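Contents: one structure, followed by commentary.
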2 protein chains.
Amino acid sequence: MDNNSIFIEKLRSSGLRPTKQRLEICKLLFNRKKTFHFTINDISKMLKNKTYKKISLATIYNTVHSFKKKGYLKEISVNSDKSYFDTNTSSHHHFLDVNTNELIDLNNEDVDNIKIKKNLPGKKIKSIEVLVKIENNN
Amino acid sequence: MDNNSIFIEKLRSSGLRPTKQRLEICKLLFNRKKTFHFTINDISKMLKNKTYKKISLATIYNTVHSFKKKGYLKEISVNSDKSYFDTNTSSHHHFLDVNTNELIDLNNEDVDNIKIKKNLPGKKIKSIEVLVKIENNN
DNA sequence: ATATAATTTATAATGATTCTAAAGTAGTGT
DNA sequence: ACACTACTTTAGAATCATTATAAATTATAT
């Protein structure tokens with residue numbers, strides 16, 4: 001059983017039709033040893049090289065958004081003109097290197113358990129995201 | 001001594017000429033009991049009402065950016081199509097209500113001291129920002 | 001095979017932000 | 001008060017990411 005059929009299954013099971021375009025994007029995003037961070041522009045360029053037939057930019061946007069909605073991707077909160085996505089959907093945090101603009105994973109184990117002592121009536125916590133900005137040492 | 005002369009001093013001392021436009025924006029942003037969160041669009045609309053003469057949008061952008069650079073404003077990391085700014089420049093965190101898109105301050109005292117156990121060679125921590133997403137309780 | 005609904009696509013539209021270059025203004029020295 | 005210079009403001013154009021549109025294509029159930 002190759003990866004493709006796994007992706008087909010995954011897509012079908014979440015109500016998404018396994019189209020050529022979605023499968024290409026799956027392969028690009030999930031056929032990896034390590035998780036990674038990307039912008040739409042990043043994968044748009046990568047897909048231009050990898051695939052014989054171009055995938056429309058609109059489709060890339062659509063696909064990334066539906067993958068996010070299905071929980072296969074997370075969006076990372078950084079103040080930037082573009083959106084960053086992460087194929088690591090487990091609960092974790094990030095370093096942002098302000099000199100290089102690089103995002104680096106920060107595992108939950110590397111951050112002491114965060115306790116929020118304030119709570120708002122009628123509201124519950126959905127997620128806690130920590131962004132640690134780092135810079136050169138000198 | 002009224003507030004205006006305080007603002008004039010503040011601007012001069014940071015190398016910014018106290019122009020009419022900058023003073024108007026100072027009054028709008030800093031003549032308040034409580035700190036607040038805003039987008040450029042927010043204060044653009046507010047300035048339209050408050051001031052007899054309109055301030056150009058470009059000037060609002062320029063001013064907010066120079067105030068940020070001088071440390072009078074902070075930019076908040078939220079994934080959004082617009083930038084959010086905060087007149088509270090002390091070290092603190094935020095709730096984001098995903099149902100209303102409202103930002104709410106979360107004081108440092110309300111978050112247990114955060115300890116980052118991982119560090120990267122040649123890099124030092126510049127800031128730690130926590131975003132707690134909250135949602136309706138039902 | 002056909003019908004139907006989902007998907008893709010190119011392109012236009014939108015909206016936030018930045019750029020540009022000309023006109024206006026503050027601060028300094030005379 | 002006057003003139004000089006550098007800084008600032010301005011309107012509008014340009015840019016860039018993202019979303020909307022509406023027609024063409026494709027996946028799937030019957």
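Owing to the predicted nature of the structure, the values given are computational and were not obtained by experimental measurement. Just so it is clear, the values below take in all heavy atoms, side chains as well, and ignore hydrogens, waters and symmetry mates. In what follows, chains are A, B, ... by sequence order, proteins preceding strands, each numbered from 1.
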Taking for each residue the nucleotide of DNA chain C bearing the nearest heavy atom, is the 5' side occupied by B/Pro18 or by B/Ser83?
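This one resolves to B/Ser83.
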
Separation of atom [atom1] in [X] from atom [atom2] in [N], rounded to whole Å:
X       : N      : atom1 : atom2 : result
A/Asn79 : D/dA17 : CG    : P     : 17 Å
A/Lys69 : D/dT19 : NZ    : P     : 12 Å
B/Leu16 : D/dC7  : CG    : P     : 12 Å
B/Lys82 : D/dA17 : NZ    : C1'   : 15 Å
A/Lys68 : D/dT18 : NZ    : P     : 11 Å
B/Glu24 : C/dT25 : CD    : P     : 15 Å
A/Glu75 : D/dT18 : CD    : C1'   : 11 Å
B/Ile8  : C/dG27 : CD1   : C1'   : 14 Å

Residue among B/Asn108, B/Thr35, B/Asp86, B/Asn107 satisfying side chain to side chain donor-acceptor pair (under 3.5 Å) with B/His92
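Exactly one option meets the side chain to side chain donor-acceptor pair (under 3.5 Å) with B/His92, and it is B/Asp86.
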
Judged by atom type as modelled, is there a donor-acceptor pair below 3.5 Å linking the side chain of A/Arg22 to the main-chain atoms of A/Arg17?
yes

Collect all protein-nucleotide pairs involving nucleotides 8-11 of chain C in which both atoms are nitrogen or oxygen and the distance is under 3.5 Å.
{"from": "C/dT8", "atom 1": "OP1", "to": "A/Thr19", "atom 2": "OG1", "distance (Å)": "2.4"}
{"from": "C/dT8", "atom 1": "O3'", "to": "A/Gln21", "atom 2": "NE2", "distance (Å)": "2.6"}
{"from": "C/dT9", "atom 1": "OP1", "to": "A/Gln21", "atom 2": "NE2", "distance (Å)": "3.1"}
{"from": "C/dT9", "atom 1": "OP2", "to": "A/Ser56", "atom 2": "N", "distance (Å)": "3.1"}
{"from": "C/dT9", "atom 1": "OP2", "to": "A/Thr59", "atom 2": "OG1", "distance (Å)": "2.8"}
{"from": "C/dA10", "atom 1": "OP2", "to": "A/Lys54", "atom 2": "NZ", "distance (Å)": "3.4"}

Looking at side-chain heavy atoms only, is the closest gap between A/Val111 and A/Ile114 below 4.5 Å?
yes

With a 4.0 Å cutoff (strictly under), does any side-chain N or O of [X] reach OP1 or OP2 of [N]?
X       : N      : value
B/His65 : C/dT17 : no
B/Arg12 : C/dG27 : yes
A/Tyr61 : D/dT19 : no

Whether B/Phe30 and B/Phe7 hold their rings parallel, tilted or perpendicular, with breakpoints at 30° and 60°
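Tilted.
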
Within the 3.5 Å criterion, strictly below it, is a donor on B/Thr59 or B/Gln21 matched to an acceptor on the partner's side chain?
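Distance-only check fails for B/Thr59 and B/Gln21.
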
If we ignore angles and hydrogens, is there a donor and acceptor under 3.5 Å between the side chains of B/Ser44 and B/Asn41?
no

Quiz item: cation-pi between B/Lys10 and B/Tyr72, 6.0 Å / 45°:
yes

